[in-house]
Amino acid sequence: MPDADLVRISTARPDAAPCLGLERTTAKQVINGVHVVPMGMANAFLIEGDDGLTLIDSGYPGREAAVFGAIRGLGSSPDQLKHLIFTHGHPDHIGSAAAIVRETGARTYMHPLDIPVAESGGPFRSLTAALGLSRRMMCKLFFHPDERLEPVAIDQPLTVGEMLPIAGGIEVIHTPGHSAGHVSLLWRPGRMLFVGDVYMNLMGLGDPIGFENLEERRASQRKLASLSFDAAGFGHGVPIGRDASTYFRNEWREKSAA
Ligand SMILES: [Zn+2]
Ligand SMILES: [Zn+2]
């Protein structure tokens, strides 16, 4: 990504931290109680709650040290990570999960439709690349359906619409399209939406690299644009610290009009 684009994003949103994994190697606070953890070219998020720490997604394989470093940076120890919630079962979101669970004993959560791939460690369902040269290239470079990972057991299947009694309340929103078992997660106390791969925020809000189902993707993007929240965290790209749902609504309106 050209430097100019990073500067443009940072200037437009001074509270946002560049977090593509190439630019930063340490965790950074997004809002009070939430920290983005760089996991290669993907993000994980740590939430501080009265019931311990919660991790959203677990990045590429071999990145567990970034999570443990972030936990220690908060003055906590790895065994204080109590919950690991996945937005979906792709290799860049579950890659370090087995190593993290081994060290922490965290309870794992995922939508039932993606559990089989996580528990087998692959192969993964194929994706149709999104439109545009950069998305097609990224899809080829970063997504390999035949990849094999260390399997991770899922302790609790997520139920669509449920409010998990974790960290003060996390709502489970089914957002299929990129992956059939994709969920977005709304952390109520901080009004922060964990978008997963429904959108990336690389050079503005945009499509992920590919889809299992194009129509479901549109419906899921529309669904998120109809919600009210303040902050947003993405599987890939720059988190947004405030006014995020306005940003989503405007982008969706522009996209729909195009
Ligand atoms: Zn994905
Ligand atoms: Zn991803």
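Just so you know, ligand 1 is whichever comes first in the structure, and atom 1 is the first atom listed for that ligand. Residues: numbered from 1 along the sequence shown.
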> Which protein atoms of type N, O or S are found under 2.8 Å from the Zn ion (ligand 2)?
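N, O, S partners closer than 2.8 Å: Asp92 OD2, His93 NE2, Asp197 OD2, His236 NE2.
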
> Compare every heavy atom of Gly181 with every heavy atom of Asp114, then report the nearest pair and how far apart it is.
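It is OD1-N, 2.9 Å.
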
> Ignoring hydrogens and angles, state whether a donor on the side chain of Asn213 or His178 is under 3.5 Å from an acceptor on the partner side chain.
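Side chains of Asn213 and His178: no pair found under 3.5 Å.
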
> Is it the case that the side chain of Ser220 and the backbone of Arg217 share a donor-acceptor pair, with hydrogens and angles ignored and the cut-off at 3.5 Å?
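No, Ser220 side chain to Arg217 backbone: no donor-acceptor pair under 3.5 Å.
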
> Using modelled atom types and a 3.5 Å cut-off, is there a donor and acceptor pairing between side-chain atoms of Asn43 and backbone atoms of Gly237?
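Yes; at least one donor-acceptor contact below 3.5 Å.
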
> Which pair of non-hydrogen atoms, one from Phe248 and one from Val195, has the smallest distance, and what is that distance?
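In terms of heavy atoms, the two residues are closest at CZ-CG2, 3.7 Å.
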
> Quick check: do Leu131 and Asp207 have side-chain heavy atoms less than 4.5 Å from each other?
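When only atoms from C-beta onward are counted, Asp207 and Leu131 do not touch, as no gap falls below 4.5 Å.
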
